[in-house]
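To find a chain, count down the sequence lines: A is the first, B the second, and so on, and within it residues start at 1.
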Amino acid sequence: MVKDQRAKNIICDFDQEQFQHDLIDWFQTVQRDLPWRKDKDPYKVWVSEIMLQQTKVDTVIPYFNRFIDKFPTLDDLAAADEQEVLKAWEGLGYYSRARNLQNAVKEVAAEYNSKVPDTSEELASLKGVGPYTKGAILSIAYNLPEPAVDGNVMRVMSRVLLIDDDIAKSKTRRIFEDCVKEVIPETNPSDFNQGLMELGALVCTPTKPSCLLCPVQNHCRAFSEGMQQDLPIKTKGKKQKSVKYMAFLLVDTDGNYLIEQRPDKGLLASLWQFPMAPLAETDEEHAGNWFTQVYGLKIDSLVKVDTIKHVFSHLIWEIDVFAGAIVSGGLTSERAKFVSRKELESYPFPVSHQKILKHID
DNA sequence: AAGACGGGGGC
DNA sequence: GCCCCAGTCTT
C-alpha cells in the first residue's frame with residue numbers, strides 16, 4: 001500500500017488527460033436515461049441531488065417524478081405547505097432533507113430572485129447543501145469545475161489511485177476533493193463528475209467490480225495490483241440499540257382513528273403516527289393507565305394484532321401493536337387528534353407506522 | 001471526531 | 001445478518 005505517499009504525489013504519476021477522455025467518452029455513450037438528466041434546470045438538479053443522498057437511483061426515480069409533478073418550479077416548492085412537502089417525501093427517509101430543501105428554496109426565492117446561486121459561498125450557506133451537493137450543482141447545472149465527492153467518487157478514486165485512507169473518517173473526503181480538483185477538466189466538468197459517479201454505480205461497484213468492462217482499467221492502480229476488492233478502506237459502524245414500544249390503533253365511536261404529530265425536531269420530525277408507549281415507561285399490564293394519563297381517554301378491549309420490527313441506521317424499534325376502542329374521556333394531548341380513514345391518507349407517516357396502518361383495512 | 005438521521009436492496 | 005447507498009447537521 002501507499003501509506004506514506006501523499007495523494008498529490010500519486011496524481012503526478014497519472015495520465016490525467018487520457019483518464020478524462022476515457023471516462024467522459026464512456027459516460028456519454030452508456031449513461032442511463034434518468035429523469036433529472038432531461039434538462040439542466042438547476043432546481044431539478046438540486047432536488048435530485050438531495051433525494052439521492054444516501055439513497056439509490058432506483059428508489060429516487062418515482063419520488064423525483066412525483067415531486068417535480070407536484071412542485072414543477074422553485075417557486076412552487078417555496079410556496080408549498082410543509083406537510084405537503086413531507087407527504088411527497090413520505091417513505092424516502094431522512095426527512096430533514098425535505099424540510100431543509102424547502103427552507104433553502106424559500107431563501108433562494110426571497111434573496112436570489114428565485115435563481116439557484118452559482119457560487120460556492122452562496123450555495124454553501126443554504127440549508128442542507130453540503131460540500132457534495134454544492135459541487136454537484138455547480139458542476140452539473142452550471143458546468144463549473146468543482147469536485148462533487150460522494151461515496152462513489154471515493155470508491156472509484158481510491159481504487160484508481162490506490163488510496164487507502166479510511167473513507168469512514170470525515171477528513172478523508174478532502175483528500176479526494178484535492179484529487180478531483182487536479183483531475184477535473186475545465187472543458188466538461190459536468191460529464192466528468194457524473195461519469196465518476198456513474199462508473200461507481202455501474203462498474204466500479206462496492207463488491208465484485210466489473211473491471212473487465214471498465215473504461216479506465218488502464219489507469220487503475222488497484223486493478224494492476226489486484227487490489228480492487230480491498231479498496232476502499234472503510235471502518236465499520238456500531239450496532240443499533242433496540243427500543244421497545246406498544247402502539248395503539250384506536251377507533252372512537254364515530255369510526256375515527258387517533259393519530260398524533262411527532263415533535264418538530266429529532267427522529268421523524270413532524271411526521272404523524274399512532275400513539276406509542278415506550279416500554280421503558282410502562283408495560284402491557286399498565287398500558288391502559290399510561291394511555292389515560294397521557295391522552296385523557298379511556299380505552300377498552302386491547303388486543304395485540306401485530307409485532308413490528310423496524311430497523312433504522314442507528315436504532316431498532318420493536319413495536320407491539322394493540323387495537324382497541326375509545327370508550328370515554330376528552331382528548332388532552334395537543335398534538336393528537338381523531339381523523340377518518342380517508343383523512344389518514346393525507347398525513348405523512350413513517351414507514352414503520354404505515355405497517356400499522358395496514359391493519360385497518 | 002463522532003453520533004443522529006430512514007429506508008431499501010444486495011448477498 | 002451485514003454492508004452499501006449521488007451526505008448533512010449537530011454536538
Side-chain angles (χ1 to χ4, degrees), chain A residues 27 31-32 34-37 44-64 86 89-101 103-104 123-137 139-141 147-156 166-174 176-177 180 190 193-202 204-209 229 232 234-241 243 262-263 265-271 273 308-317 348-355:
Chain A
F27 176 69
Q31 65 168 297
R32 290 169 290 179
L34 301 174
W36 46 90
R37 287 180 177 161
K44 291 179 196 164
V45 171
W46 185 4
V47 169
S48 73
E49 292 303 339
I50 300 296
M51 286 187 171
L52 285 161
Q53 288 169 10
Q54 301 292 285
T55 312
K56 291 229 163 70
V57 164
D58 288 342
T59 302
V60 167
I61 289 173
Y63 280 93
F64 177 84
L86 284 173
W89 211 270
E90 181 186 59
L92 199 50
Y94 287 140
Y95 298 93
S96 64
R97 290 184 296 176
R99 189 195 317 279
N100 288 338
L101 174 61
N103 180 309
L123 283 172
S125 76
L126 297 171
K127 280 272 198 318
V129 179
Y132 165 74
T133 305
K134 179 185 69 172
I137 293 173
S139 61
I140 298 173
V149 173
D150 66 346
N152 282 318
V153 174
M154 288 197 281
R155 184 172 57 257
V156 170
D166 181 1
I167 66 167
K169 305 277 186 195
S170 35
K171 62 189 301 187
T172 302
R173 195 200 68 249
R174 290 214 315 109
F176 290 94
E177 283 179 345
V180 174
S190 172
N193 276 348
Q194 291 186 81
L196 280 180
M197 294 188 273
E198 195 84 339
L199 189 66
L202 299 181
C204 195
T205 47
T207 58
K208 294 195 303 178
Q229 296 277 18
K234 185 174 186 181
T235 53
K236 311 189 190 307
K238 289 181 180 173
K239 266 189 190 162
Q240 304 100 322
K241 302 258 182 185
V243 192
R262 293 180 57 82
K265 293 193 164 229
L267 183 65
L268 305 166
S270 302
L271 271 68
Q273 65 180 13
I308 290 169
K309 180 174 178 165
H310 192 79
V311 179
F312 299 87
S313 46
H314 61 301
L315 60 89
I316 299 172
W317 277 0
F349 282 82
V351 168
S352 49
H353 282 249
Q354 291 175 28
K355 295 174 186 169

Look at all strands and tell whether A:Val129 reaches a base, only sugar-phosphate, or nothing, counting heavy atoms closer than 4.0 Å. sugar-phosphate
Determine the interatomic distance between P on B:dC11 and the same-named atom on C:dA6; round to the nearest Å. 15 Å
Sugar-phosphate only, base, or nothing, as touched by A:Tyr132 at under 4.0 Å among non-hydrogen atoms: base
Taking NZ from A:Lys169 and P from B:dG3, how many angstroms apart are they, rounded to a whole number? 10 Å
Now, which nucleotide makes the Watson-Crick or G-U wobble pair with C:dC9, with each of the two distances under 3.5 Å? B:dG3
Describe the nucleic acid contact of A:Gly200 in one word from base, sugar-phosphate, nothing, applying a heavy-atom distance below 4.0 Å. nothing
Starting at the 5' end of DNA chain C and moving along, which residue's nearest nucleotide shows up first, A:Leu52 or A:Lys127? A:Leu52
Are any of the side-chain heavy atoms of A:Thr55 and A:Leu92 separated by less than 4.5 Å? yes
Base, sugar-phosphate, or nothing: which does A:Trp89 touch, judged by heavy atoms less than 4.0 Å apart? nothing
Within the structure shown, what part of the strands sits under 4.0 Å from A:Arg262 by heavy-atom distance: base, sugar-phosphate, or nothing? nothing
Categorize A:Lys265 for me: base, sugar-phosphate, or nothing, with a 4.0 angstrom heavy-atom threshold over every strand shown. nothing
Counting any heavy atom closer than 4.0 Å, what does A:Leu196 reach on the DNA or RNA strands: base, sugar-phosphate only, or nothing? nothing
Could you tell me whether the side chain of A:Ser313 has a donor or acceptor atom within less than 3.5 Å of a complementary atom in the base of B:dG6? yes
Distance in angstrom units between A:Glu90 CD and B:dG8 C1', rounded: 15 Å
Name the nucleic acid region contacted by A:Thr133, choosing base, sugar-phosphate or nothing; use a 4.0 angstrom heavy-atom cut-off, strictly under. sugar-phosphate
Tell me the interatomic distance from A:Leu315, atom CG, to B:dG7, atom C1', rounded to whole angstroms. 13 Å
About how many Å separate CD of A:Gln194 and CG of A:Asn152, when rounded to the nearest 0.5 Å? 12.0 Å
When the P atoms of C:dC3 and B:dG3 are considered, how many whole Å apart are they? 16 Å
Between NZ of A:Lys355 and P of B:dG7 the distance, given in whole Å, is 8 Å
Separation of atom CD in A:Gln53 from atom P in B:dA4, rounded to whole Å: 19 Å
Under 4.0 Å, counting only non-hydrogen atoms across every strand here, what does A:Arg155 touch: a base, just sugar-phosphate, or nothing? sugar-phosphate
Whole-Å gap separating P (B:dA1) and CD1 (A:Ile167): 16 Å
